[in-house]
Asks: 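What follows is a structure written as structure tokens; I'll ask about it next.
Ligands are counted one by one from 1 in listed order, and the atoms in each one are counted from 1 as well. For this chain, numbers begin at 1 and follow the sequence in order.
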Amino acid sequence: MSISQTVLENIIREAGSIAMTYFKDLKNLAVTKKSPRDLVTDADVAVEAFLQASLAKHYPQFGFWGEESGQSANQTNRWIVDPIDGTHSFSRGQYFWGISVALEIDQELIFGAVYAPALDDYYAAEKGKGAWKNGQAIAVSNESNLADAMVATGFACLRSYLKENNLQRFCRIAEITTGQRRFGSAAIDLCLVADGQVDAFWEQELNLYDVAAGALIAEEAGATLTDFQGNKGLFPKQILVTNGKILKQILPLM
Ligand code: IPD
Ligand code: CA
Ligand code: CA
């Protein structure tokens with residue numbers, strides 16, 4: 001199942017320039033609420049439509065699952081796409097938002113890319129071939145002491161409905177760690193673990209399209225992927241990604 005990194009990078013970077021045309025004209029951005037805290041803009045819809053058409057043109061054999069347009073035929077071998085992860089940040093002119101594209105074949109993620117156009121950072125990975133940022137190989141950090149760690153998290157849009165909504169967990173971990181960040185894009189959070197800017201990221205109630213590409217990039221960069229109990233694997237509803245060296249220290253706080 002050969003895919004071309006160059007073809008995909010060109011498609012995703014072009015999607016990024018479409019997003020930037022909206023980003024540079026935010027006063028005319030149409031923003032709609034999908035639910036009380038979940039937004040969609042005309043930029044999300046335009047970027048997804050471009051990605052769906054371009055990916056189908058180059059790889060007609062694969063299906064498509066996009067956050068905004070849903071699932072097309074062939075969900076066995078499919079692209080899993082979040083056109084703008086971090087839509088709220090995007091709509092407010094902040095820089096931490098990204099385009100997330102993953103390829104899943106028979107339930108295995110084999111390709112993932114996250115492009116942050118406002119930062120011009122292109123992260124990608126291929127199963128068994130490592131991870132890179134702007135063409136340079138990346139790896140997780142060496143931080144082995146949780147007390148010195150930099151961590152990131154997010155608060156699901158649903159939090160007011162959740163009995164256990166991550167706020168208590170955040171307080172427990174913030175008491176122990178040195179740095180805590182809420183960047184506003186799960187896809188970028190995962191890439192920051194992959195290139196060592198962050199030592200751990202966790203969040204609840206995410207969807208596969210939020211994390212598929214970022215999870216493969218983090219895993220190929222040497223990260224551990226577990227749920228909050230330490231079970232290995234990709235669990236969007238309970239994702240914990242670490243550099244591996246602080247996993248045992250952070251698990252009791254989850
Ligand atoms: C959101 C971002 C955010 C996370 C939310 C997601 P979206 O994705 O990943 O960091 O906290 O739960 O919904 O809605 O901007 O694509
Ligand atoms: Ca998302
Ligand atoms: Ca989105």
Asks: Just distances here: any N/O of Ala186 and N/O of ligand 1 closer than 3.5 Å?
Replies: yes
Asks: Quick one: does Ser54's side chain have a donor or acceptor within less than 3.5 Å of a partner on Leu51's backbone?
Replies: no
Asks: Mind checking whether Leu39 contacts ligand 1 via backbone (N, CA, C, O), side chain (CB onward), both or neither, at a 4.0 Å heavy-atom cut-off?
Replies: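 For Leu39, no heavy atom sits under 4.0 Å from ligand 1.
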Asks: With a cut-off of 4.0 Å, which atoms of ligand 1 are near a heavy atom of Leu206?
Replies: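 Those qualifying, in numeric order: 12 (O).
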Asks: For ligand 1, note which part of Asp189 has a heavy atom under 4.0 Å away: side chain, backbone, both or neither.
Replies: neither
Asks: Please verify the inter-ring angle class for Tyr115 with Tyr122; under 30° counts as parallel, over 60° as perpendicular, anything in between as tilted.
Replies: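 Tyr115 vs Tyr122 ring planes: tilted.
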Asks: Would a distance-only check, ignoring hydrogens and angles, find a side-chain to backbone donor-acceptor pair under 3.5 Å from Asp44 to Val47?
Replies: no
Asks: Name whichever N, O or S atom of Asp82 ends up nearest to the Ca ion (ligand 3).
Replies: OD1
Asks: With a cut-off of 4.0 Å, which atoms of ligand 1 are near a heavy atom of Thr87?
Replies: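 Once the distances to Thr87 are compared, the set is 15 (O).
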Asks: Without swapping roles, check the side chain of Gln52 against the backbone of Ser72 for a donor-acceptor pair under 3.5 Å.
Replies: no
Asks: Please indicate whether any nitrogen or oxygen in Gly86 is less than 3.5 Å from any nitrogen or oxygen in ligand 1.
Replies: yes
Asks: Going by heavy atoms, is Ile84 under 4.0 Å from ligand 1?
Replies: yes
Asks: Using a 3.5 Å distance criterion without hydrogens, assess whether the side chain of Glu220 forms a donor-acceptor pair with backbone atoms of Gly130.
Replies: yes
Asks: Would you call the rings of Phe62 and Trp79 parallel, tilted or perpendicular, taking 30° and 60° as the class edges?
Replies: perpendicular
Asks: With respect to the Ca ion (ligand 3), please indicate if Ile84 possesses an N, O or S atom at a distance under 3.0 Å.
Replies: yes
Asks: Checking Ser100 side chain against Val114 main chain: does a donor-acceptor pair fall under 3.5 Å?
Replies: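 Checked: no pair found.
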Asks: How far is atom 13 (O) of ligand 1 from its nearest protein heavy atom, and which residue and atom name does that atom have?
Replies: Cys157 SG, 4.0 Å
Asks: Could you list which atoms of ligand 1 come closer than 4.0 Å to a heavy atom of Asp82?
Replies: 16 (O)
Asks: Glu205 near ligand 1, heavy-atom distance under 4.0 Å?
Replies: no
Asks: What is the name of the N/O/S atom in Asp85 that sits closest to the Ca ion (ligand 2)?
Replies: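 So the atom name we want here is OD1.
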Asks: Taking just the N, O or S atoms of Asp210, which one is nearest to the Ca ion (ligand 2)?
Replies: OD1
Asks: Which protein non-hydrogen atom lies closest to atom 8 (O) of ligand 1, naming both residue and atom, and how far is it?
Replies: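 Answer for atom 8 (O) of ligand 1: Asp85 OD1, 2.9 Å.
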Asks: Taking Asn74 for the side chain and Asn77 for the main chain, is one N or O donor matched with an acceptor at less than 3.5 Å?
Replies: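 Confirmed, Asn74 side chain pairs with Asn77 backbone.
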Asks: Please write down residue, atom name and distance for the protein heavy atom closest to atom 5 (C) of ligand 1.
Replies: Glu203 OE2, 3.9 Å
Asks: Counting both backbone and side chain atoms, is some N or O of Arg182 under 3.5 Å from an N or O of ligand 1?
Replies: yes
Asks: What protein heavy atom lies closest to atom 14 (O) of ligand 1? Include the residue and the distance to one decimal.
Replies: Asp38 OD1, 3.5 Å
Asks: Which bit of Ser185 gets closer than 4.0 Å to ligand 1, counting heavy atoms only: side chain, backbone, both or neither?
Replies: backbone
Asks: Would you find more than 12 non-hydrogen atoms of other residues, nucleotides or ligands less than 6.0 Å from Glu164 atom CD?
Replies: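 Correct, the count exceeds 12.
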Asks: Check whether Phe111 and Trp132 end up in the same hydrophobic cluster, where Ile, Leu, Val, Met, Phe, Trp and Tyr are linked by side-chain heavy atoms less than 4.5 Å apart.
Replies: no
Asks: Between Asp199 (side chain) and Ala149 (backbone), is there a donor-acceptor pair under 3.5 Å?
Replies: no
Asks: At under 4.0 Å between heavy atoms, is it the side chain or the backbone of Gln204 that contacts ligand 1, or both, or neither?
Replies: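 Within the 4.0 Å criterion, Gln204 makes no contact with ligand 1.
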Asks: For Glu67, what is the atom name of its N, O or S atom nearest to the Ca ion (ligand 3)?
Replies: OE1
Asks: If only atom types and distance count, is the side chain of Glu104 paired as donor or acceptor with the main-chain N or O of Arg78 below 3.5 Å?
Replies: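 No, the answer is negative, given that no donor and acceptor are paired below the 3.5 Å cut-off.
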Asks: Heavy-atom pairs closer than 4.0 Å: do any link ligand 1 to the side chain of Asp210, the backbone, both, or neither?
Replies: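 Asp210 to ligand 1: side-chain contact only, backbone stays beyond 4.0 Å.
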Asks: Do side-chain atoms of Asp195 reach the backbone of Lys133 as a donor and acceptor pair under 3.5 angstrom?
Replies: no
